[in-house]
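Data block below; observations after.
Chain letters run A, B, ... following the sequence lines, proteins first and then strands; every chain starts at 1.
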Amino acid sequence: MTRLFLLGLLLGFAGVLGAGHFYPWVAYERLPSQTSVVANGGRAETFLIRLPADRIAAIGTADASLRSIAAPALTDVEPVLLEHFKLRGADGSVIGLAARHRTATGDGTAIGWSLVIPGRGVMTMAAPLLAPTAIQTALANGGHIAGQNWAGNLEVAIVPDAGLTRTIATSAEFQGLSLSFTEQWSLTGVSDAGELRGTIRLQTVARRGT
Amino acid sequence: MKYLLIAFFGLLLGVAAGAVSIYYNPLTDTSGPALRDAQHTFAYATPGGDSLLLTHGGRSSLPRHPSDAPELWESTISELTLEVVRLKDAAGQQTAFATRTSLPSEQTEWLTKGAIMSDYWLVTVPGEGSFFVHSESNLAPLLKQVIVPVRYLGQPWSGPVDFAPTVGPALDQHAQVSGATGRFAALQGRAVESLRLEKFSAARGTEALQRRLHVEFYAPSEEAVAEAELEAER
């Protein structure tokens, strides 16, 4: 009887310690990645952001115009735009979060993207922004008038040259990969309140090493 | 039947002893290092005036704000917390803005590591540039010293309490800093976070928390300088 008691005691104790060590306390749902192999080596993957559905918040200085709300905290500072989105894979499923920071620097305007994909890892990338007002300019040329509804089809290449982009940091599945990307905005409308409709396409190519 | 009851009683006692051992396990009480000569210290208070946006999947006790901030309800992102904050320097002047994305880490393990939280910061100093911080924090000491005693065991709050949660991902237990744009572009560095929990209650959870991110940049390597120059020429 004592042996049985001790056996139960030992099993319970070892079971809890074993669960503490081996049980996957945190495990994320991981959707299949929609990747393809590119001809000259590397892995291509496209991420989508659908506007306005995926916009979480955009906070910026007054120069950000249509793209953000001007927060009281962002007066009297150099031009900056902080955008946050839900991130979708190429099949349209939400797979993570994206943050995009744009700011003026001594070398011109630049953007940094941070893509956090639970279960897969993080990609952080940066690029110079050669035409910071490209969206406003394209919309104005396309006939958009501030304060009015607008519908149409505009393709705006915000980062057209992947050769100018840099990998900043990667983790987990993306660890050690060198990334390049292009950023394309397909705009289909603007509401009278200034809300953009369309899709942002981030086309990435990941290669092993630098 | 009697033997079965005895074995079951032993099993229950063993489970209880295991749970107590895990709770008092000193191996998971790891605190992070201090960064005494940090070149930059960025501070913010949360919840409150420094937080411009806070949203999550509904699993945090902190209220989302602004109230119309979209909930992160999709199953793939429901564990994430997204916060946008303004960061102040030691003199209390607003110097930067940061997006902090947090999620429980798959590294979490209760025998040797603790409750690990991954934080990804994208920090922008307006007019100067941006940098990225990847930090792993052990929240087990916070759970054991504050959350479980106050929220679940009904003990009174006695604070403030200081924590140094950063335990990685670098081998020396520091967070990794990577320059992204502007004057930070060619820089690498390390960082630690320090927390001062000033008020916590069973009913409302965290009511006042001061967070500080201490950042130290290394001198850029020749290779990094050459790469930055090449990029500027493009």
Side-chain angles (χ1 to χ4, degrees), chain A residues 1 4-17 19-21 24-31 55-57 59 61 71 73-74 77-80 82 84 86 93-97 99 101 103-107 110-112 114 116 118-119 122 124 126 128 163-164 166 168-169 171, chain B residues 2-3 6-19 21-22 52-53 55 69-70 72 74-77 79-80 82 84 86 94 97 99 101 103-112 120 122 124-130 132 134 169 176 178-183 185 231-232 234:
Chain A
M1 196 181 295
L4 208 55
F5 174 78
L6 288 175
L7 185 67
L9 190 77
L10 196 66
L11 271 179
F13 188 73
V16 171
L17 294 193
H21 185 65
W25 294 96
V26 179
Y28 291 102
E29 181 182 346
R30 189 188 186 289
L31 301 178
R55 182 186 293 284
I56 296 172
I59 301 162
T61 41
L74 275 82
V77 297
E78 294 285 327
V80 68
L82 320 172
H84 306 88
K86 293 178 181 176
S93 307
V94 172
I95 56 170
L97 294 181
H101 284 202
T103 187
T105 74
D107 305 323
I111 55 168
S114 172
V116 179
V122 173
T124 307
L164 296 177
R166 288 197 311 128
I168 306 305
S171 76
Chain B
K2 183 180 166 189
Y3 289 106
I6 292 288
F8 184 68
F9 181 63
L11 192 75
L12 277 184
L13 269 184
V15 166
S21 302
I22 281 182
L52 304 175
L53 167 82
T55 186
L72 309 180
E74 291 88 348
S75 60
T76 45
I77 59 171
E79 298 280 348
L80 276 66
L82 178 74
V84 183
R86 60 176 171 180
Q94 174 178 290
F97 297 92
T99 298
T101 308
L103 65 162
S105 169
E106 290 176 332
Q107 302 282 322
T108 293
E109 182 272 338
W110 284 103
L111 278 196
T112 57
Y120 302 100
L122 188 56
T124 291
V125 181
E128 297 186 23
S130 306
F132 176 75
H134 175 196
Q176 291 170 332
S178 308
T181 63
R183 77 175 180 91
E231 194 162 294
R234 284 178 194 157

- Message: For the interface with chain B, which of A/V94, A/L97, A/L4, A/L11 has the highest count of heavy-atom pairs at distances below 4.5 Å?
- Response: A/V94
- Under 4.5 Å heavy-atom distance to chain A, tell me which part of B/L80 shows up: side chain, backbone, both or neither. side chain
- Message: Counting heavy-atom pairs under 4.5 Å with chain B, which one of A/A27, A/A110, A/A104 comes out on top?
- Response: A/A104
- Heavy-atom donor-acceptor pair, A/R166 side chain to B/A180 backbone, under 3.5 Å: yes
- Message: Looking only at heavy atoms and a cut-off of under 4.5 Å, which of A/A57, A/S114, A/P118, A/G106 has the most pairs with chain B?
- Response: A/P118
- Query: Does a donor on one side chain and an acceptor on the other come within less than 3.5 Å for A/S171 and B/H134?
  - Reply: no
- Message: To check you understand the geometry: which heavy-atom pair defines the closest contact between A/V26 and B/E106, and what is its length?
- Response: O-CG, 3.4 Å
- Message: Please classify the contact between A/T124 and chain B as side chain, backbone, both or neither, with a heavy-atom cut-off of under 4.5 Å.
- Response: side chain
- Query: Is chain A contacted by the side chain of B/T101, its backbone, both, or neither, given a heavy-atom distance below 4.5 Å?
  - Reply: side chain
- Message: Is the shortest side-chain heavy-atom distance between B/P104 and A/Y28 below 4.5 Å?
- Response: yes
- Based on non-hydrogen pairs under 4.5 Å, which of B/A16, B/P169, B/P70, B/A19 is most in contact with chain A? B/P70
- Item | Side chain / backbone / both / neither for A/L17 at chain B, heavy atoms under 4.5 Å | both
- Task: Kindly say whether B/G127 contributes a backbone atom to a donor-acceptor pair with the side chain of A/T103 at under 3.5 angstrom?
- Result: yes
- Task: Measure distances from B/Y120 to the heavy atoms of chain A and classify the residue's part below 4.5 Å as side chain, backbone, both or neither.
- Result: side chain
- Query: Which bit of A/L7 comes within less than 4.5 Å of chain B, counting heavy atoms only: side chain, backbone, both or neither?
  - Reply: neither
- Message: Please enumerate all residues that pass side-chain contact (heavy atoms from CB on, under 4.5 Å) together with B/A69, with sequence neighbours excluded.
- Response: B/L53, B/T55, B/P66
- Could you tell me whether the side chain of B/F132 reaches within less than 4.5 Å of the side chain of A/V122, counting heavy atoms only? yes
- Task: Quick one: which of B/T108, B/L122, B/L12 has the most heavy-atom pairs under 4.5 Å with chain A, could you say?
- Result: B/L122
- Item | Which atoms of A/P24 approach chain B - backbone, side chain, both or neither, heavy atom under 4.5 Å | neither
- Could you check if a side-chain atom of A/T105 sits within less than 4.5 angstrom of a side-chain atom of B/E128, using non-hydrogen atoms only? no
- Proximity breakdown for A/I111 and chain B, heavy-atom pairs closer than 4.5 Å: backbone
- Heavy-atom nearest pair, A/S93 first then A/L31, reads CB-CD1, 3.4 Å
